[in-house]
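Below is one structure, written out as structure tokens, with a few remarks after it.
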Protein chains: 2
Amino acid sequence: MATLEEIARLAKVSRSTVSRVINNKPRVSANTRERVWSIIHQTDFHPNVAARTLASRRSHIIGLVMIQPYNVVTSEPFSAELVQHIAATCEETGYHLMLSLVSTSKPNTYGQIVRGGYLDGLIVYYACTDDSFVSRLQREKVPFVLIGHSPQADGIFTADMDNSTGAEAMARHLAGLGYTRIATVTGPAFAMSSRDRLEGFLKGLQACGLECPDRYIQEGDFTEGSAFLAMQHLLSQDPQPEAVFVANDTMAVGAIRAARMAHLRVPEDIAITGFDDTPMAQISEPPLTTVHQSSELLGRKAVEMLIGQLEPDRREGVVKQNVVLPVDLVVRESCGARLRLASREVKRSVKEVNQTERNPFTYCSRTR
Amino acid sequence: MATLEEIARLAKVSRSTVSRVINNKPRVSANTRERVWSIIHQTDFHPNVAARTLASRRSHIIGLVMIQPYNVVTSEPFSAELVQHIAATCEETGYHLMLSLVSTSKPNTYGQIVRGGYLDGLIVYYACTDDSFVSRLQREKVPFVLIGHSPQADGIFTADMDNSTGAEAMARHLAGLGYTRIATVTGPAFAMSSRDRLEGFLKGLQACGLECPDRYIQEGDFTEGSAFLAMQHLLSQDPQPEAVFVANDTMAVGAIRAARMAHLRVPEDIAITGFDDTPMAQISEPPLTTVHQSSELLGRKAVEMLIGQLEPDRREGVVKQNVVLPVDLVVRESCGARLRLASREVKRSVKEVNQTERNPFTYCSRTR
DNA sequence: GTATCTTGCGGGAGCGCTCCCACACGCTGT
DNA sequence: ACAGCGTGTGGGAGCGCTCCCGCAAGATAC
């Protein structure tokens, strides 16, 4: 494989000049520049990345760290899509993406990944609330962006979906339809997103003058099976809930299955809603009312924020440290209007609170 | 960040000795070895990867190349899982994984990815039948493993699921249940796996003395929507098929939806089967009879085969060039026994052909 | 006319490793 | 006694780049 030296020889210039041409640096005459490029193309020359990295201390590689087993790519379609979009955005911006699965069971991978010094920065997809990894990155001043957020988020860059507002919108939507006994199946407690969704949900209910007793709150782990069990618990309560906000689509499908098994019709006998708007939400029977979040937006934003740190002059506009991306409520058939209509106060409250929203969400009916 | 030099100074030895210790080379006294390791641990030293790569010409990074848009991670859960397992296996074997999405629209990424010379090898996840990328790798003698297979597969390493045998088993299973008018919704024609599945399906029918007229063969593109339309075409045929072999689970769900819309019950009025055994297959109503393939097995095998090429002495046993991994027929509720029983000849044929199988598949009833 | 600046280019010194060779030392064999 | 060998260690060259400095030649200023 060719080297800079060789290209220089062929173009009858020096190594330095070839380097300047390749890196688009000034102080090369148009003539020389063209001659060098032509040789480069002829020989299909690509500079050796290792040498370049060693000399310049920039690898143009960013690492995507996913904590295992929580972020198992496959466990939720949203993660899979996210990876996809992060990879695509990297490719577009001239970076390469290194995929690192960090196991919570053997945390020694930190050194391997970070200290080798060939990653320009990291995107950390960190569902957990524990954050020794994150605080270490912060201490060692490694450039990184956290997907999600952290309790002590001062000084770190984060990009997150607005889980809280999404859940809040859903609670208000259900209240607005006239449901009063509204339960929830949450995600696992260690996940920040679970907490946010629960918090938003409760806040939304409260804004509508409704309450959610503890027995109406069941924890799942984002898998279909866990929701099946959680739902059975909810259905055994007296009185039974009229609507259930399930913290993701996969689990919502499990909840529907449990409802069916108890001979309940959805949405006539019980309303069930999801979160994520995965393809499954459309296919499910009935199609799920859910909260749409854009993995593309999140992925792009995260990469953009990281590159903003790495290349200050490439930064477009002001970069916020903590970005929260808007979500959309998507109304489908899995919850219908209650026969008994919502009380006047609730309606007013729904309307009112919606108007004073910081992160405005749009109601859109996406049916297939 | 520390360097070898510094460690050497602290341990009162030379750079060379530290290097020998780190790389586990012989000719270092136990005493020195221990002293050096202790310093390394104390300082949390990790050798600079770029320098190492430059000097040794081995990066311990392998690239996973996925052709876009066909291999969109998200489009099928199987791909997402595969990526996951490849990444995990790399991590375990001391390699790192670089994720490269190659767009078919701008094929110039080849140089970027391969010619930079910092990838030890590639795993190419290449669903397409076109293979300019592959033949170029072969020409330039880049070590790689192809997931799937290629028409001119001589001299290249491939790992693939036994799509053909899986589809064949499914055809025989349906025939054995007494169905005679069996149709299929195929995957896109450009994908090798689509072709293999169709081929195996037809072969299986033939072995049972059944035929599949062209109008019973509809092409989909592995998405739910495409199968919905394809199924509507099939249902408009006269006579209607009694059973439909759909080339993946996602599409099978779409086919069921179309059947329902035509007021047909599954499996009573029409049997529908899938392929892949994704989580959806269990959740679907009714649960899908499908073909299980292990993304873990495939991912591990591919990495293993690549490392076998990169490090001949690490190779365990004989390495086959073209590995075909077995699949399992999984019987669930989406196809039942036909009222009219299978003819004696068909039964005999099913039994007979199953016994002479090269890649034995197991029948297992996985119900939830 | 000399002094100063600009533009275009070349050469040298690294970046932090690996790998080869040299060399000192203790051991065995004749 | 000395050659021959294996073992532990150090030093130098080099991997293929980038980046700094130096220098020639022309342009501009006084």
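Each chain gets a letter, A, B and so on, in the order the sequences are listed, and its residues count up from 1.
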Scan for ring pair (Phe, Tyr, Trp, His ring centres under 6.0 Å) pairs involving residues 7-43 of chain B, sequence neighbours excluded, and state none if there are none. B/W37-B/H41
Letter by letter from the 5' end, nucleotides 6-17 of chain D scores (B base, S sugar-phosphate only, - none; protein heavy atoms under 4.0 Å) -BBBBBBBBBBB
Looking just at side-chain N and O atoms, do A/S16 and A/S19 make a donor-acceptor pair shorter than 3.5 Å? no
Whether the A/R52 and A/N23 side chains hold a donor-acceptor pair (N or O, under 3.5 Å, no angle test) is what I'd like checked. yes
So does B/K25 get a side-chain nitrogen or oxygen closer than 4.0 Å to the phosphate oxygens (OP1/OP2) of C/dT18? no
May I ask you to say whether B/E296 pairs ionically with B/K301, meaning some side-chain N is under 4.0 Å from a carboxylate O? no
Starting from C1' on C/dG10, measure out to CZ on A/R9 and report it in whole angstrom. 17 Å
Name all residues meeting the side chain to side chain donor-acceptor pair (under 3.5 Å) criterion together with A/H60; count only those two or more places apart in sequence or in a different chain, and write none if there are none. none
